[in-house]
Amino acid sequence: MRSLLSIVPCMLLGWGLSLLSLPLAYMFGAIAAVIIAYRFRVVIEAPKHGFTVVQIVLGGSVGLMIRGLQAEEAQDIFLLLPALLICLILQFVTGYLWFNRKMGWSREESVLGAVPGAMAAVLALSDHTQTQSQKIVISHAIRLVVLIIIASIIVGLNPPPATDPVTEIVPYIYAINAHTFSVIGWLSVIAVGGYWLGRLLARIHVPAPYMLTSLAVAVLVHLLSETTLVMPDFLNSLSMTLIGMRIGMNFIALPLSMLISNIWSSIQAVFISLVVTILVALITAKLIDYPMDLLILAWAPGSMEAMLFAAIAMKVNVGIVMSSHIIRMSLLHVIPAIVLAFQARRHRS
C-alpha cells in the first residue's frame with residue numbers, strides 16, 4: 001500500500017512539470033520527488049511489480065507505432081537502414097571504450113552504459129545480469145537530460161505554428177482516450193497477452209520478457225484491428241513515473257562525490273556519441289544527398305519523444321525520425337535479450 005501511495009506525489013510533481021511543456025515530465029518529476037523526499041527523510045517505495053508494468057506499456061507502445069508508418073517512406077527507411085546500423089555500432093563501441101578504458105568500469109557496466117538509449121531495456125538487462133545499476137542509470141539519465149535540453153533549444157528557436165496542432169502530425173505522442181469498448185478490448189488483449197506470454201519467457205530467464213512479448217502482441221493486434229490504436233496517455237505517464245521512481249532510487253543510493261563524478265563522465269560519453277552521430281549523418285548526407293539535420297534527429301542516441309518534438313519544430317520528415325527510432329528501440333530491446341539467452345544456454349551446457 002505504501003508503494004502505491006508513493007506513486008501519487010511522484011505523478012503530481014510530474015504533472016506540474018508537464019504544465020511547463022517539459023518532455024518526459026513525469027519521469028523527471030518522479031526522480032525529483034524521490035530525491036526531495038529522501039532529503040526530508042520521507043520514505044518513498046517503488047512498487048514491487050512496477051517494472052513489469054513499464055515493460056508491458058513501453059513494449060505495447062512501440063508495437064502500436066509500427067502501423068503508423070507511411071508506405072511512401074518505406075523506400076527511404078530501407079535505404080537508410082545500413083547507415084543506421086553503422087551509427088548504432090559506432091555509438092556503442094565508442095561508449096564502451098570510454099566507460100571501460102577511461103572510467104575503469106567493468107565490462108558488464110560498460111556494455112550496459114554504452115547502449116545508445118532504451119532505458120527500460122537496459123534496466124531489465126541489468127537486473128538479469130545482476131549488475132549494479134547506479135552508474136548505468138545515471139549515464140542513461142544524463143543522456144536523456146542532455147538530449148532533451150538540446151531538443152528544447154531547437155524547439156525554442158523553431159516554435160511550431162499554432163495553426164498546425166502537433167496532435168495531427170504525431171498522434172501517438174498524445175493521449176487518445178479509448179471511448180469505445182473495442183479499443184479497450186484490444187488494449188486489454190495486449191496487456192494480458194504480453195503478461196502471460198512474458199511469464200513463459202521469464203521462466204527460461206529471457207531478459208525484458210514482458211517488453212518483448214507485449215511488443216509482439218501489439219504488432220499482431222494492430223494488424224488485426226481496423227481501429228488505429230494508441231497507448232492511453234495515463235498509462236504512458238504512469239510508466240514514465242515508475243521508471244523515474246526507479247532512477248531516483250539509484251540516484252540517492254550513491255554518495256554525492258561519486259554522483260558528481262559519474263554525471264561528468266556521462267556527459268562526456270553523451271557528447272562523444274553525439275559527435276559520432278553527426279559524423280555518420282554528415283557522410284551519409286553527402287553520399288545519398290539527404291538532409292543532414294533529419295538524419296541527426298533520426299539517429300540521436302535516445303529520447304525519441306524529444307527528437308520528435310524537435311523534428312516537428314524544424315518541419316522535417318517526422319515519419320523518418322519516428323521510423324528510425326522505432327527500429328533502433330526494437331533492435332536494442334530484442335538483440336541483447338537474444339544474446340544473453342544464448343550465453344545462458346552455453347553456460348548451462
Side-chain angles (χ1 to χ4, degrees), residues 17 20 22-25 27-32 34-36 87-123 125-126 131-157 240 243-244 246-282 293 296-307 309-310 325 328-329 332:
L17 294 178
L20 302 176
L22 175 69
L24 303 180
M27 186 184 74
F28 289 113
I31 294 173
V34 170
I35 295 176
I36 293 172
C87 187
L88 281 174
I89 293 172
L90 292 177
Q91 287 171 346
F92 174 78
V93 170
T94 54
Y96 173 84
L97 293 176
W98 180 266
F99 286 126
N100 184 250
R101 299 188 178 182
K102 179 68 176 180
M103 302 307 302
W105 289 17
S106 68
R107 289 184 177 180
E108 292 78 9
E109 290 174 337
S110 300
V111 167
L112 294 175
V115 174
M119 169 79 80
V122 170
L123 289 175
L125 290 173
S126 69
T131 304
Q132 293 296 323
S133 60
Q134 283 87 355
K135 295 178 181 178
I136 300 164
V137 169
I138 290 173
S139 69
H140 283 275
I142 294 303
R143 174 181 294 150
L144 277 175
V145 171
V146 172
L147 290 175
I148 287 174
I149 290 174
I150 293 174
S152 300
I153 293 174
I154 295 173
V155 172
L157 295 175
M240 289 297 101
I243 288 182
R246 177 151 182 175
I247 295 172
M249 295 296 180
N250 284 278
F251 268 93
I252 64 177
L254 284 178
L256 182 60
S257 58
M258 184 178 295
L259 180 63
I260 295 174
S261 174
N262 285 324
I263 288 176
W264 175 236
S265 64
S266 299
I267 291 175
Q268 296 176 63
V270 171
F271 277 103
I272 289 174
S273 63
L274 284 176
V275 169
V276 169
T277 304
I278 293 172
L279 290 177
V280 176
L282 175 62
D293 53 353
I296 293 174
L297 294 175
W299 297 344
S303 187
M304 177 170 63
E305 294 87 349
M307 293 303 106
F309 277 117
H325 281 284
R328 177 181 63 82
M329 289 172 61
L332 293 177

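Just so it is clear, the values below take in all heavy atoms, side chains as well, and ignore hydrogens, waters and symmetry mates. Since the structure is predicted, the reported quantities are computational estimates derived from the model, not experimental observations.
Of the inter-residue distances, the one linking L147 atom CG with R143 atom CZ reads 8.0 Å to the nearest 0.5 angstrom. Put simply, CG on L112 and OH on Y96 are 11.0 Å apart, with the number rounded to the nearest 0.5 Å. Atoms CG and OG, on L88 and S273 in that order, are 11.0 Å from each other to the nearest 0.5 Å. Considering CG of D293 and CD1 of I278, their distance stands at 11.5 Å, rounded to 0.5 Å. With rounding to the nearest 0.5 Å, the separation of CD1 in I272 from OG1 in T94 is 6.5 Å. Rounding to the nearest 0.5 Å gives a distance of 10.5 Å between CH2 of W264 and CE of M103.
Legend: residues meeting side chain to side chain donor-acceptor pair (under 3.5 Å) with S110, ordered by chain and number and at least two apart, are absent. Contacts of I263 classified as side chain to side chain contact (heavy atoms under 4.5 Å, CB included), with partners at least two apart in sequence or in another chain: I138, I142, L259, I267. Applying the side chain to side chain contact (heavy atoms under 4.5 Å, CB included) criterion to V275, with sequence neighbours excluded, gives L279. Residues satisfying the side chain to side chain contact (heavy atoms under 4.5 Å, CB included) test with T277, not counting sequence neighbours, are C87, Q91, W299, P301. With sequence neighbours excluded, the residues satisfying ring-ring contact (aromatic ring centres under 6.0 Å, His included) with W105 are F99. Applying the side chain to side chain contact (heavy atoms under 4.5 Å, CB included) test to I252 and every residue at least two apart in sequence or in another chain returns V34, I35, Y38, M249.
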> Hey, mind stepping through I89 and F92 against side-chain contact (heavy atoms from CB on, under 4.5 Å) and telling me if it holds?
Replying inline: CA-CA 5 Å; I89 293 172; F92 174 78; 5.8 Å; no
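At distances below 3.5 Å, not a single donor-acceptor pair connects side-chain atoms of H140 with backbone N or O atoms of P116.
S266 and S139 make their closest contact through OG-CA, 3.1 Å (heavy atoms, listed as atom of the first residue, atom of the second, distance). For the residue pair A114 and G95, the shortest heavy atom distance occurs at CB-C, 3.5 Å. E109 and I136 make their closest contact through O-CG1, 4.0 Å (heavy atoms, listed as atom of the first residue, atom of the second, distance).
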